[in-house]
Colleague: 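I'd like to ask you about the structure that follows.
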Amino acid sequence: MSKKKLSEEELVALLQSVDQSGLSFLYDNYSSALFGVIMRITESQENAEDVLQEVFVKIWKNVSSYDKSKGKLYTWLLNIARNTAIDSLRVKDYKAKSKIQSIDNSVRSINRQYNVATQVDHIGLKTLIGKMKPEYKLLIDKIYFEGYTQEAAAKELNLPLGTVKTRSRAAIGQLREFFIGEEKAIK
């Protein structure tokens with residue numbers, strides 16, 4: 001069937017009449033172009049192959065929604081391929097983030113269960129942090145005791161990232177001074 005030439009109208013008519021020869025022609029003539037678009041988005045051959053299969057299933061199931069007054073068939077096919085590839089990346093990203101969140105939640109529950117945060121106080125750290133400026137104390141708590149990244153702390157506290165970085169450095173410097181003062185007092 002791929003040797004035969006079909007016009008766009010003939011191909012759409014075959015597809016909309018649920019004629020498998022139309023799908024075969026479509027695959028033979030458009031799959032490599034669609035695969036190239038998908039590959040550029042997913043950057044993984046294995047993922048691109050999975051997405052391409054999903055794209056052809058979507059085309060087959062939704063060909064009745066194709067409207068030639070809105071654009072050419074090829075444009076419609078490219079949009080399906082592009083959107084499906086982007087969706088696959090979003091799903092992967094969501095799964096990765098949910099795994100990270102479940103790990104973070106596990107760490108926090110272990111910290112609460114075994115009272116890890118209070119064990120740090122054996123060196124008097126909580127007392128020293130209590131002497132800090134409130135904005136420094138809040139950042140130290142978020143970043144070092146609650147496990148936030150600087151970016152996450154900036155979002156949580158509604159502060160610019162640069163401010164969080166500057167305050168973190170200043171807070172660590174202040175803690176260093178406290179420790180030096182403590183060491184001198186012990187000697």
Side-chain angles (χ1 to χ4, degrees), residues 1-111 138-139 141-144 146-168:
M1 181 82 191
S2 64
K3 302 269 186 215
K4 184 180 173 190
K5 282 282 198 186
L6 291 176
S7 69
E8 184 174 301
E9 291 79 23
E10 292 171 324
L11 178 56
V12 171
L14 278 175
L15 291 169
Q16 288 181 338
S17 67
V18 194
D19 186 331
Q20 289 206 349
S21 64
L23 186 62
S24 294
F25 181 87
L26 185 75
Y27 187 86
D28 292 343
N29 290 281
Y30 291 89
S31 63
S32 60
L34 297 177
F35 183 78
V37 169
I38 295 165
M39 186 69 182
R40 266 182 276 167
I41 294 169
T42 63
E43 297 179 344
S44 159
Q45 182 167 347
E46 185 179 333
N47 290 343
E49 289 169 355
D50 291 342
V51 170
L52 182 64
Q53 182 176 354
E54 191 177 335
V55 165
F56 275 93
V57 169
K58 284 183 178 183
I59 292 168
W60 185 248
K61 287 183 176 180
N62 298 306
V63 72
S64 61
S65 69
Y66 168 70
D67 181 359
K68 74 176 188 177
S69 68
K70 292 183 180 176
K72 293 203 166 279
L73 177 65
Y74 184 67
T75 305
W76 184 74
L77 298 172
L78 283 177
N79 283 331
I80 292 173
R82 181 182 158 279
N83 293 341
T84 305
I86 291 169
D87 288 346
S88 77
L89 292 178
R90 286 183 184 144
V91 167
K92 277 178 68 174
D93 188 45
Y94 175 78
K95 286 179 181 177
K97 283 181 180 177
S98 64
K99 279 184 184 178
I100 290 169
Q101 285 177 342
S102 72
I103 290 169
D104 285 347
N105 292 338
S106 297
V107 169
R108 286 192 187 105
S109 73
I110 289 169
N111 285 348
L138 185 61
L139 275 176
D141 284 340
K142 291 282 181 210
I143 294 171
Y144 294 98
E146 295 178 29
Y148 281 65
T149 63
Q150 288 181 334
E151 292 84 6
K155 284 182 184 175
E156 176 80 15
L157 300 172
N158 199 22
L159 292 171
L161 180 59
T163 301
V164 169
K165 289 181 176 192
T166 301
R167 287 183 185 174
S168 296

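Everything numeric in this text was worked out from a predicted model, so none of it was measured.
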Colleague: Does a side-chain heavy-atom distance below 4.5 Å link I59 with W76?
Modeller: yes

Colleague: Looking at residues at least two apart in the chain, or sitting in another chain, which of them share a salt bridge (charged side-chain N to carboxylate O under 4.0 Å, His left out) with K58?
Modeller: E54

Colleague: Is there side-chain contact between D87 and R90, with heavy atoms separated by less than 4.5 Å?
Modeller: yes

Colleague: Measure across S64 and Q16 and return the closest heavy-atom pair with its distance rounded to 0.1 Å.
Modeller: CA-NE2, 4.0 Å

Colleague: Working to the nearest 0.5 angstrom, can you tell me the gap between K72 NZ and L77 CG?
Modeller: 12.0 Å

Colleague: About how many Å separate NZ of K165 and OG1 of T163, when rounded to the nearest 0.5 Å?
Modeller: 11.5 Å

Colleague: Decide yes or no for L14 and F25: does some side-chain heavy atom of the first lie under 4.5 Å from some side-chain heavy atom of the second?
Modeller: no

Colleague: So which heavy atom on G71 is nearest to which on Y66, and how close?
Modeller: O-OH, 2.9 Å

Colleague: Please give me the minimum heavy-atom distance between K5 and E10, naming the atom from each residue.
Modeller: O-OE1, 4.3 Å

Colleague: Is the shortest side-chain heavy-atom distance between W60 and L26 below 4.5 Å?
Modeller: no

Colleague: Just wondering, do K142 and L157 contact through their side chains at under 4.5 Å, heavy atoms?
Modeller: yes

Colleague: Please name the pair of heavy atoms, one in S168 and one in L139, separated by the smallest distance, quoted to 0.1 Å.
Modeller: N-CD1, 4.0 Å

Colleague: Any idea which heavy atoms bring L11 and L73 closest together, and the distance?
Modeller: CD2-CD2, 3.6 Å

Colleague: Within a reach of under 6.0 Å around CD of Q20, are more than 12 heavy atoms found that belong to other residues, nucleotides or ligands?
Modeller: no

Colleague: Please report the C-alpha distance between V164 and I143 in whole Å, then the side-chain angles of each, then the deciding distance to 0.1 Å, and finally whether the side chain to side chain contact (heavy atoms under 4.5 Å, CB included) criterion is met.
Modeller: CA-CA 10 Å; V164 169; I143 294 171; 4.2 Å; yes

Colleague: Hey, can you pull the donor-acceptor pairs under 3.5 Å for the side chains in residues 45-53, sequence neighbours left out?
Modeller:
from: Q45; atom 1: NE2; to: E49; atom 2: OE2; distance (Å): 3.0

Colleague: Going by the rule salt bridge (charged side-chain N to carboxylate O under 4.0 Å, His left out), which residues pair with D19 if we only count those two or more places apart in sequence or in a different chain?
Modeller: none

Colleague: Just how far is it from atom CG of L23 to atom CG of D28, taken to the nearest 0.5 Å?
Modeller: 9.5 Å

Colleague: Output the distance between atom OG1 (T84) and atom CD1 (I80), rounded to the nearest 0.5 Å.
Modeller: 7.0 Å

